[in-house]
Amino acid sequence: MPHSQPGSWWRDAVIYQVYPRSFADSDGDGVGDIDGIRARLGHLAGLGVDAIWMSPWYPSPMADAGYDVADFRDIDPVFGTLAKAEALIAEAHELGIRAIVDIVPNHVSSEHVWFRKALADPGAPERDLFWFRPGRGKHGDEMPTDWVGEFGGTTWTRTTNPDGTPGDWYLHLFTPEQPDLNWDHPAVRADFEDILRFWFDRGVDGIRIDSAALLIKDRALPPVVEGRPHPFHDLDEVHEVYRAWRRVSDGYRDRALIGEVWLPEVERFAGYLRADELHAAFNFDFLGCAWDAGPMRECIDRTLDAHRAVGAPPTWVLSNHDVTRHVTRYGRTTTTFSFDDNLDGTPVDLELGTRRARAAALLSLSLPGATYVYQGEELGLWENENIPPDRMRDPMYARRGHSRDGCRVPLPWSGDEPPFGFSTAEPWLPQPREWKDRTVQAQTGDPSSMLELYRSAIALRKAEPGLHEPPMQWLASAPGVLAYTRGAAFACVLNLSPAAVALPAHRSVLLTSGPLDGDRLPPDTAVWLRLAT
Ligand code: NOJ
């Protein structure tokens, strides 16, 4: 089976996340769209990425920016049409870029036909496709459980019967507009397997699986109690779902299943990557790790060990559409990321954050495995922390006081002022005026820019044999410094200490994230070296 051979594309690809709303707008409504992506494929080819992953583009009321899907087999008119999506996939393929779509199996939109039928008639068979339950208490007016939602807030909403009386409640781990599906029901399983085939038949090379560890719920609906099995996080039965999905993807050539699996225990995480389950999963441990040599080294070791044990490729992720952009994170005193620590508005040194983000790029692009690039990270964009509250669109903002909108701001392409070539209209989220020197146009040809650093690093990664097969090996290094080889001829050194350090013996410098200090590596700087062999 060619798809499980080492060397399959997803094992060492550079995968670029396109957030369609914010990539490029072709029709002047302030929202990005598929034709915008098609028009800018040259940017992605020039960057050298191997694949693009599109966040959801399906018909949706956009209660959660498209992660509330009304129909997985079509495209929302704001983004285009199915024919345009097919054209994008074909045009990307012509440029040697693979395409990944985002599937959201835990829930659908409350506008999905199944849920509309289920709501319209308490006796409808579609009711069983969701989690409808009577309320607790004498009048059924207390929620069936006290579970707290993934965005904070409650997880049940009461329905009204057709005769106007209060009815059952339904479960939603996210917003009320995202009812959870009942994965114990065979029709749910069959439909999603069919949705996978629908997109594989249209040529997509991979599926990103949203909230992959949440699908199965404990039918007894027990409370969440520390030390007891969680009622909806990571239940063992979820693995049956992915074994079935793997059988579907194995029916095609070279297709990858990539899970969004946020789990604190790396062994549980790796369980999703066993040979008959998913091909890869996002490394959130790395994303959330402090800019600190000790924790960073431990995270890298933990990642490599866990993936080695199941034969899966590690992944390296610094940012995505849910987390604070890493230029901002790395410019703060606390450089970790967790949804529980709301650091919005805390002081940030963007110059420091940018220097570290440049070094992080050389780290994440030289570790063994696949590397994810979130749109705009190649431009060094920072979090827009100045979005006025009345422009916030993220449903998490109202519930948790933290908004993900700041990392979802439309890309700056050209020109000196907003909308920076993104659109001809006011973008759906405001762009900082200071992005005028972060546009693609302004950075192109400037050897000191983030964009040229990414272009050079990705090109070198392709050309450098050491960055393909060979495992990494730590080199002895000074405290606060991470140094490793890939094969006999390549090394990466990252200085996380506060002082410049001497470089190990080398034949030449291939690339640096910032200027060297003579033959010393300054703090928060990384270098790729050619070693004498
Ligand atoms: C994870 C997605 O990345 C996020 O954007 C979304 O809000 C939730 N899952 C719910 O689908």
Side-chain angles (χ1 to χ4, degrees), residues 15-23 32 53-72 76 100-112 115 130 147-155 171-181 183 192 195 206-215 217 232-234 238 257-263 269 272 278 280-284 287-288 315 317-325 337-339 372 374-377 383 392-409 428-429:
I15 301 175
Y16 183 99
Q17 181 186 356
V18 173
Y19 194 69
R21 293 188 81 74
S22 298
F23 189 73
W53 145 38
M54 270 70 63
S55 278
W57 51 10
Y58 317 105
S60 164
M62 308 287 169
D64 184 19
Y67 282 91
D68 48 322
V69 178
D71 178 0
F72 282 100
D76 195 282
I100 297 167
V101 294
D102 204 323
I103 295 293
V104 188
N106 180 68
H107 43 268
V108 290
S109 161
S110 49
E111 291 300 312
H112 189 285
F115 194 73
F130 299 92
W147 296 351
V148 175
E150 297 294 298
F151 291 158
T154 58
T155 50
L171 174 69
H172 48 83
L173 294 184
F174 294 90
T175 71
E177 293 81 14
Q178 293 165 293
D180 278 54
L181 288 166
W183 275 86
F192 274 86
I195 291 166
I207 305 282
R208 181 262 186 188
I209 306 163
D210 188 79
S211 304
L214 299 183
L215 274 46
K217 280 87 189 175
F232 55 85
H233 281 177
D234 187 33
V238 78
L257 301 171
I258 305 161
E260 189 210 14
V261 182
W262 293 85
L263 288 179
F269 168 90
Y272 288 74
L278 307 183
F282 298 95
N283 186 351
F284 296 117
L287 181 154
T315 67
V317 186
L318 293 167
S319 278
N320 68 25
H321 65 294
D322 290 330
V323 307
T324 310
R325 282 192 177 274
F337 178 82
S338 137
F339 285 109
Y372 285 77
Y374 173 49
Q375 70 173 43
E377 97 176 45
E383 186 84 359
M392 296 287 196
R393 302 279 283 276
D394 180 9
M396 192 188 264
Y397 181 57
R399 293 169 175 79
R400 244 173 147 161
H402 165 77
S403 173
R404 299 168 296 176
D405 289 319
C407 67
R408 299 175 176 180
V409 173
W428 71 282
L429 286 174

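Numbering of ligands and ligand atoms starts at 1, following listing order.
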Visitor: Tell me whether the rings of Phe339 and His402 are parallel (<30°), tilted (30 to 60°) or perpendicular (>60°).
Guide: perpendicular
Visitor: Under the rule for side-chain contact (heavy atoms from CB on, under 4.5 Å), what residues qualify as partners of Glu177, not counting sequence neighbours?
Guide: Ala63, Ser110, Thr175
Visitor: Test Arg325 against Glu377 for salt bridge (Lys or Arg N to Asp or Glu O under 4.0 Å), laying out the working first.
Guide: CA-CA 8 Å; Arg325 282 192 177 274; Glu377 97 176 45; over 6 Å; no
Visitor: Could you pull out all donor-acceptor pairs under 3.5 Å where a side-chain atom in residues 147-154 meets a protein atom, sequence neighbours excluded?
Guide:
from   : atom 1 : to     : atom 2 : distance (Å)
Trp147 : NE1    : Pro222 : O      : 2.8
Glu150 : OE2    : His233 : NE2    : 3.2

Visitor: Give the ring-plane orientation class for Phe337 versus Trp262, where under 30° counts as parallel, over 60° as perpendicular and anything between as tilted.
Guide: tilted
Visitor: Can you tell me which residues line ligand 1 if we count any heavy atom under 4.0 angstrom from one of its atoms, in chain and number order?
Guide: Asp64, Tyr67, His107, Phe151, Phe174, Arg208, Asp210, Ser211, Glu260, His321, Asp322, Arg404, Arg408
Visitor: Who pairs with Arg404 by salt bridge (Lys or Arg N to Asp or Glu O under 4.0 Å), at least two apart in sequence or on another chain?
Guide: Asp64, Asp322, Asp394
